[in-house]
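In what follows, a single structure is set out as structure tokens and then discussed.
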Amino acid sequence: MTFTPRTHRLADLTWPEIDELRPHAPVAIVPLGATEQHGLGMAQRTDTTRAEAVADMVARRMSPQVVVAPAIPVGMSEHHMGFPGTLTLSADTLQRVVADVVTSLHRHGWRRIFVLTGHGGNNSAVDTVVSRLRAELTDTHLAWSGVTPVVSDLVKQHADSPVRGHSCEIETSQAMYVDPDLVLSERLTRGSATLDDLDPAGRLGRSHPGFHFPQAYDVLSPTGNLGNPRLATPELGALLIDTVVDRICGFLTGLIGLPDRLPAPPPARIALETS
Ligand SMILES: [Zn+2]
């Protein structure tokens, strides 16, 4: 008989329920978001909610194999601090928070842990900490991804604006689908959507793929967003998010199917030839 947990959300369960669920749920997801400005018509919690909603959909689809940790609601948002209300952690703090949550899950027996970030500004810190934890937790499979990068092929097909990313038609469509309360449709405003909308530094960075030339968002766009969120639709959001969920379920099914990770043996001693 299949085990059916009351919920997959770790924070909503009691410890005896978690004790009972744990052998049936090999994977733990840690959603990671941000509290940062999203232009004139979208709430600051957008990235947190997108990550958490995708994690919930994955857990429901794969039930009872996946538990979801509480979302970490603040990320690295230094580049948005020019707007009122954005909160930011330093890279060091964010890495410590992620490391402590992952290590807690490991202490309770999870050996397949997936960090899902809804905010691209977290990527470099998450990649660094996951790589470090992989070396420290030698019996654990650790992986991470963003939300939108998992469907970059669909983004290319369906985005209209040459300059896009933050609070554009792609992100706003996702928000409309996962939680319509995130979006104030009548206030959505076209942001910097073409190279001509950017200042010379922004134009230089955006027209040379592969180069990293970070800019503050209050310089990139007076409204704080790129692209044109007025083109967003919940139907496009459904296509993007449902495909993200399909692909994450595919990856996690593969992760569950892998043999357990065994601690690596110590480096081999090189036998020196003595004569
Ligand atoms: Zn966002």
Side-chain angles (χ1 to χ4, degrees), residues 30-57 71-89 91 94 115-127 144-152 154-155 158-161 163-185 187-193 202 206 214-234 236-241 243-245 248:
V30 180
L32 176 56
T35 298
E36 68 178 27
Q37 71 84 18
H38 271 78
L40 305 187
M42 211 147 58
Q44 294 222 109
R45 68 175 166 87
T46 295
D47 295 347
T48 310
T49 300
R50 285 189 302 113
E52 197 167 42
V54 167
D56 283 339
M57 290 181 207
I72 299 169
V74 182
M76 276 175 65
S77 300
E78 184 56 49
H79 47 311
H80 295 283
M81 288 297 282
F83 294 89
T86 294
L87 307 178
T88 189
L89 300 179
L94 179 61
V115 180
L116 176 63
T117 175
H119 172 49
N122 295 333
N123 289 0
S124 57
V126 171
D127 192 48
W144 74 275
S145 84
V147 172
T148 309
V150 167
V151 287
S152 54
L154 295 183
V155 171
H158 293 278
D160 289 274
S161 307
V163 170
R164 59 177 182 267
H166 184 65
S167 305
C168 63
E169 55 268 36
I170 295 297
E171 184 176 15
T172 307
S173 295
Q174 295 176 31
M176 286 172 165
Y177 178 57
V178 300
D179 184 353
D181 287 347
L182 291 169
V183 185
L184 302 166
S185 293
R187 296 193 200 170
L188 292 173
T189 311
R190 181 187 181 279
S192 296
R206 286 270 164 174
Q215 305 291 320
Y217 263 81
D218 49 317
V219 177
L220 282 175
S221 163
T223 50
N225 66 298
L226 304 178
N228 188 359
R230 299 189 67 84
L231 302 173
T233 64
L236 176 57
L239 171 71
L240 296 167
I241 292 290
T243 309
V244 170
V245 171
I248 292 179

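When reading the values below, keep in mind they use all heavy atoms of this one structure, side chains included, and skip hydrogens, waters and symmetry mates. When a ligand or atom number is given, it counts from 1 through the structure's own listing order.
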Here the vertex angle at the Zn ion (ligand 1) for NE2 of H38 and OE2 of E171, given to 10°, is 100°
The reported gap from CZ in R50 to CG in L240 (rounded to nearest 0.5 angstrom) is 10.0 Å
| task | Could you tell me whether the side chain of H158 reaches within less than 4.5 Å of the side chain of L239, counting heavy atoms only? | result | yes
Residues at least two apart in sequence or cross-chain that pass ring pair (Phe, Tyr, Trp, His ring centres under 6.0 Å) with H38, listed by chain then number, are H166
Parallel, tilted or perpendicular for H80 and H119, by the 30°/60° rule? tilted
Next item on the list: Please state whether the separation between the Zn ion (ligand 1) and some N/O/S atom of E36 is under 2.8 Å?
Entry: no
Q.
At less than 2.8 Å, would any N/O/S atom of H119, backbone or side chain, sit next to the Zn ion (ligand 1)?
A. no
Of all the N, O or S atoms in D47, the one nearest to the Zn ion (ligand 1) is OD1
